[in-house]
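Values below: all heavy atoms of this structure, side chains included; hydrogens, waters and symmetry mates excluded. All figures in this text were calculated on a predicted structure; none of them were measured in a lab.
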Amino acid sequence: MSAPSSPSAESGLFPIAHAVIRAPDLDALLASVTEAVQGQLGLVRCSIYLVDVNSLRLKLQASSPEPGISGLSALPDDLPLDPSQSGPLQTPPDNNGKTSQPGRLQVPISDPEGTLGLLVCERTPAQEFSDEERELAEQAASLIAERLADLHADQQASEALRVLEKREQKFRSLVENAFDCIVVYDRNARILYGTPSVTRLLGYTIEDAVGKIGLDFIAEEDRPDTVAIWTSVLQNPGVPFRLQLRLLRKGGGFIWTEIMLTNCLDDPTVNGIVANFRDISHRKATERSIYRLANFDRLTELPNRSFLISQLKHSMVDCERGEKSLSILKIGINQFPDLVTTYGRAVSELILREVVFRFQEQLDEMHFLARAGEYEFVVLLPTSKAYEASRLAYRLLRAFRNRLSIGHHNIRVRISIGIARCPQDGTSVEVLLGNAQLARVHAKPGGYAFFRAEEGDRLLKRLAIAKDFSLDLEQGNLAVRFQPRVFLEDDTVAGFEALLDWQNSEHRDVSNQELIQVVEDSGQIRALGQWVFAEVCRQMQWLAGQGVHIKAAVNLSAMELVDSDLGQWIGRTMATFNVPAENLELEITESAAMTNIERSLKSLRDLKALGLHLAIDDFGTGYSSLNYLKRLPIDSIKIDKSFIDDLDSEGEAAAEGERMIRSIVSLARGFKLNVVAEGVETGSQYRAVKEAGCDEAQGFWIAAALPAVEIPAWLQNRNKTGAVSAKGRD
């Protein structure tokens with residue numbers, strides 16, 4: 001620091017300059033300077049104000065001696081930045097721009113960037129300061145300004161040093177206590193340094209690791225990949241390389257880690273290859289869990305259908321090239337829903353596990369076993385030789401000769417197996433699985449069957465039907481027609497049966513029976529059933545708006561009958577369209593009712609509680625017994641069309657048909673059930689069922705199925721010919 005002039009001891013500036021230069025800090029500077037200026041100018045008081053950066057005002061920082069002894073008007077401890085605007089200092093500036101009053105001299109302390117403070121000199125008696133005194137005060141203010149700048153710079157440097165030391169200390173603490181590990185290697189992968197977290201992660205102390213080759217701590221299976229990565233790291237300074245590998249723990253075992261390797265050999269502060277390690281064992285465990293959930297069945301722990309499809313697609317590639325062949329064994333547990341009904345879900349799950357155990361006893365490493373459905377399994381055999389597939393199928397069937405012992409139950413389980421081979425029976429996953437399923441359908445319970453080529457066309461047709469019907473159902477390209485039923489006693493209208501009308505130009509030859517079977521197999525039957533019921537209710541609501549109130553019968557499939565939500569959605573639909581329950585009848589086939597009798601009984605009772613009429617359709621073709629029949633809460637039975645057709649036969653066949661119908665009528669009377677003859681197509685059939693005692697009839701001889709919009713006109717025409725009521729009778 002240089003003074004504004006070269007003072008001598010006699011000039012009076014030297015003592016002031018000496019006080020300024022020797023002051024080690026701000027407090028010492030203020031104290032020594034005020035004392036020196038006071039002495040050199042013969043003052044009664046010397047004060048220094050400094051700018052407060054927060055309030056932007058001048059604050060009294062030092063005074064020598066203490067204020068209040070000069071006899072002058074006292075200055076406040078807090079002044080505006082421009083002292084001329086304070087009360088006691090309102091004397092206009094003199095010719096040199098200095099604001100003062102007799103006995104008081106005020107000199108700004110400033111540098112090129114602005115005002116730093118104010119030097120105030122006071123004397124008594126009050127008299128003007130000479131020019132020499134003013135110059136000395138200004139030189140003192142200039143020295144103070146320079147020293148303040150030096151002290152500020154020193155303070156900043158000291159603060160920066162403290163920040164740097166604090167950061168270094170923090171960095172060291174972070175490195176030493178970091179959860180992740182940092183290891184530095186030399187060019188030859190020898191360990192030079194490691195953070196303390198290495199001990200926590202692997203159990204080795206730093207002393208154990210330093211000097212050792214890093215490859216020795218890596219699982220043997222991961223070493224080849226690590227060596228390849230290491231070569232790339234050496235060739236690419238500064239480029240980070242990421243890899244996952246297993247590190248060996250002290251005492252045995254390993255952990256999965258994710259490692260970032262960076263070549264810092266050219267960095268003189270590091271001079272090594274830096275590796276950042278992170279424990280990802282938990283992430284790997286989560287990935288394995290997700291993989292198992294996505295690809296394995298929870299109950300049996302077998303590969304699931306998704307995994308099966310993936311495996312099949314992989315195998316198909318080799319089959320298409322002609323390099324390998326393959327057989328698919330599609331296995332189904334016969335009547336498994338009945339087992340669930342009889343023994344409950346918990347026992348059924350134990351049955352499935354025991355079934356899988358018996359499968360696995362007959363299989364080896366060349367076989368792939370997967371669970372393909374609720375009670376369906378698939379075995380992949382890496383050969384298409386028929387005798388190999390037959391031999392395996394026979395072993396699997398033989399495993400179930402003895403009953404399964406589940407708790408205190410001894411349960412008979414029978415399976416059937418369908419076999420399809422690649423490439424003989426198909427080279428796509430869908431076709432091959434479909435062919436195996438068709439073969440299983442043709443296999444007898446407890447037996448197996450190979451797919452026959454002539455069944456392929458049938459499968460393709462069914463697939464086309466399922467695809468086109470699904471599209472029409474989604475787009476609403478379906479319709480419902482209503483076939484009338486009449487009372488045989490007086491030929492009046494009893495009601496209508498709702499029939500699905502699928503008018504697809506590509507499938508004109510598909511009967512409703514075949515269509516329903518395809519829809520059931522494709523899993524669309526519930527969606528179709530809900531659409532049909534809602535459409536029937538909508539049409540009935542429209543007819544009611546026209547003043548025509550009809551009774552309508554709607555068919556339920558076996559799958560709908562065991563739907564636990566059946567009663568709920570039927571009730572909601574009736575309420576939506578304001579259709580009374582007494583105007584609706586639900587028809588089920590006896591085979592559907594008997595497939596799962598306990599579940600069927602519950603559903604039928606729920607429907608009956610809604611006030612719906614219930615009927616058994618196609619009666620006489622199923623396997624119901626009188627014991628079951630009396631348990632079903634039904635109102636009507638419908639005699640199957642096959643018995644009606646016999647009435648137009650000749651000789652004994654016609655007589656046998658009539659006897660069968662009379663027997664059914666007699667049985668129905670015993671249970672107080674209404675009897676409907678369906679499929680009446682001739683006048684002779686009409687007369688025969690009437691004479692046999694049937695209550696109602698329907699068929700083409702009476703009327704074909706009608707769109708809802710034609711019903712009012714048809715009923716009006718019937719009334720003209722003597723029909724009693726469009727609503728039928730109770």
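- We find the CG-CG distance between Leu381 and Leu363 to be 9.5 Å, quoted to the nearest 0.5 Å.
- The environment of CZ in Arg412 is crowded: more than 12 heavy-atom neighbours from other residues, nucleotides or ligands sit within 6.0 Å.
- For Thr589 (side chain) and Asp617 (main-chain N/O), no donor-acceptor pair under 3.5 Å exists by modelled atom type.
- Two residues are said to be in side-chain contact when any heavy atoms from C-beta on lie closer than 4.5 Å; Tyr375 and Leu339 fail this criterion.
- Each salt bridge (charged side-chain N to carboxylate O under 4.0 Å, His left out) pair with one or both residues in residues 432-451, not counting sequence neighbours, appears once here: Glu376-Arg440.
- Note that CG of Asn435 is 11.5 Å distant from CD of Glu430, once rounded to the nearest 0.5 Å.
- Salt bridge status for Arg223 with Glu220: absent, with no side-chain N to carboxylate O gap under 4.0 Å.
- Residues that satisfy the ring pair (Phe, Tyr, Trp, His ring centres under 6.0 Å) test with Phe359, not counting sequence neighbours, are Phe377, Phe400.
- In this structure, the side-chain hydrogen bond (donor to acceptor under 3.5 Å, both in side chains) partners of Asn555, at least two apart in sequence or on a different chain, are Glu497.
- In this structure, Leu432 and Asp425 have side chains that are in contact, with non-hydrogen atoms separated by less than 4.5 Å.
- Pairs of residues two or more places apart, or lying in two chains, that qualify as side-chain hydrogen bond (donor to acceptor under 3.5 Å, both in side chains) and include a residue from residues 346-371 are Asp297-Arg371, Glu354-Arg358, Asp364-His367.
- Applying the ring pair (Phe, Tyr, Trp, His ring centres under 6.0 Å) test to every pair with at least one member in residues 420-440, sequence neighbours left out, gives no pairs at all.
- Asp222 contributes a side-chain N or O that, together with a main-chain N or O of Arg246, makes up a donor-acceptor pair within less than 3.5 Å.
- A side-chain donor-acceptor contact under 3.5 Å links Thr257 to the backbone of Leu245.
- With Glu560 contributing its side chain and Ser557 its backbone, the two residues share a donor-acceptor pair below 3.5 Å.
- A donor-acceptor distance shorter than 3.5 angstrom exists from the side chain of Thr231 to the backbone of Val227, with no hydrogens or angles considered.
- In this structure, Glu388 places its CD atom where more than 12 heavy-atom neighbours from other residues, nucleotides or ligands lie under 6.0 Å away.
- Note that the CG atom of Leu261 and the CD1 atom of Ile229 stand 8.0 Å from one another [nearest 0.5 Å].
- Scanning both residues, Gly238 and Pro240, for their nearest heavy atoms gives O-CD, 3.5 Å.
- One N or O on the side chain of Ser390 and one on the backbone of Ala386 form a donor-acceptor pair closer than 3.5 Å.
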>> With side-chain contact (heavy atoms from CB on, under 4.5 Å) as the criterion, how do Leu248 and Leu202 come out once you've worked through the C-alpha distance, each side chain's angles and the decisive distance to 0.1 Å?
In response: CA-CA 7 Å; Leu248 302 175; Leu202 300 176; over 6 Å; no

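- Among all heavy-atom pairs drawn from Ala209 and Phe217, the shortest one is CA-CZ, 4.2 Å.
- Residues Ser416 and Asn334 have side chains that bring a donor and an acceptor to within less than 3.5 angstrom of each other.
- Considering every non-hydrogen atom in both Pro423 and Thr427, the closest pair reads CB-CG2, 3.8 Å.
- Side chains of Leu612 and Met574 form a contact here, defined as non-hydrogen atoms less than 4.5 Å apart.
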>> side-chain contact (heavy atoms from CB on, under 4.5 Å), that's the test. Do Phe368 and Leu308 meet it? Break it down for me.
In response: CA-CA 9 Å; Phe368 179 88; Leu308 169 67; 4.0 Å; yes

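- Put simply, the side chain of Asp468 reaches to within 4.5 Å of the side chain of Trp502, judged on heavy atoms.
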Table please: side-chain donor-acceptor pairs of residues 528-536 below 3.5 Å, with sequence neighbours left out.
unit_1: Glu535; atom_1: OE1; unit_2: Arg538; atom_2: NE; d: 3.1
unit_1: Glu535; atom_1: OE2; unit_2: Arg538; atom_2: NH2; d: 2.7
unit_1: Glu535; atom_1: OE2; unit_2: Gln539; atom_2: NE2; d: 3.0

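- Around NZ of Lys467, the count of heavy atoms belonging to other residues, nucleotides or ligands within 6.0 Å does not exceed 12.
- In this structure the side chain of Leu380 reaches within 4.5 angstrom of the side chain of Leu312, judged on heavy atoms.
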>> Could you go through Arg421 and Ser325, starting from their C-alpha distance and side-chain angles, then the distance that decides it, and tell me whether this counts as side-chain contact (heavy atoms from CB on, under 4.5 Å)?
In response: CA-CA 8 Å; Arg421 296 174 291 164; Ser325 60; over 6 Å; no

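- In this structure, CG on Asp606 lies 10.5 Å from CG on Asp565, to the nearest 0.5 angstrom.
- The heavy-atom pair separating Ala372 from Arg305 by the smallest distance is O-NH1, 3.6 Å.
- At least one side-chain heavy atom of Leu604 sits under 4.5 Å from a side-chain heavy atom of Ile588.
- Between Ser384 atom OG and Ile419 atom CD1 the span is 12.0 Å, to the nearest 0.5 Å.
- With contacts defined as side-chain heavy-atom distances shorter than 4.5 Å, the pair Asn304/Phe296 does not qualify.
- Here OH of Tyr448 is found 8.0 Å from CG of Leu397. Values are rounded to the nearest 0.5 Å.
- For Ser315 against Leu326, the heavy-atom pair with the smallest separation is CB-CD2, 4.2 Å.
- Here the closest heavy-atom approach between residue Ala436 and residue Ala420 is recorded as N-CB, 3.6 Å.
- Within the 4.5 Å cutoff, the side chain of Asp501 has no heavy atoms near those of the Val480 side chain.
- Around the CZ atom of Arg395, the shell of radius 6.0 Å holds more than 12 heavy atoms that belong to other residues, nucleotides or ligands.
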>> With side-chain contact (heavy atoms from CB on, under 4.5 Å) as the criterion, how do Asn263 and Val239 come out once you've worked through the C-alpha distance, each side chain's angles and the decisive distance to 0.1 Å?
In response: CA-CA 7 Å; Asn263 183 347; Val239 178; over 6 Å; no

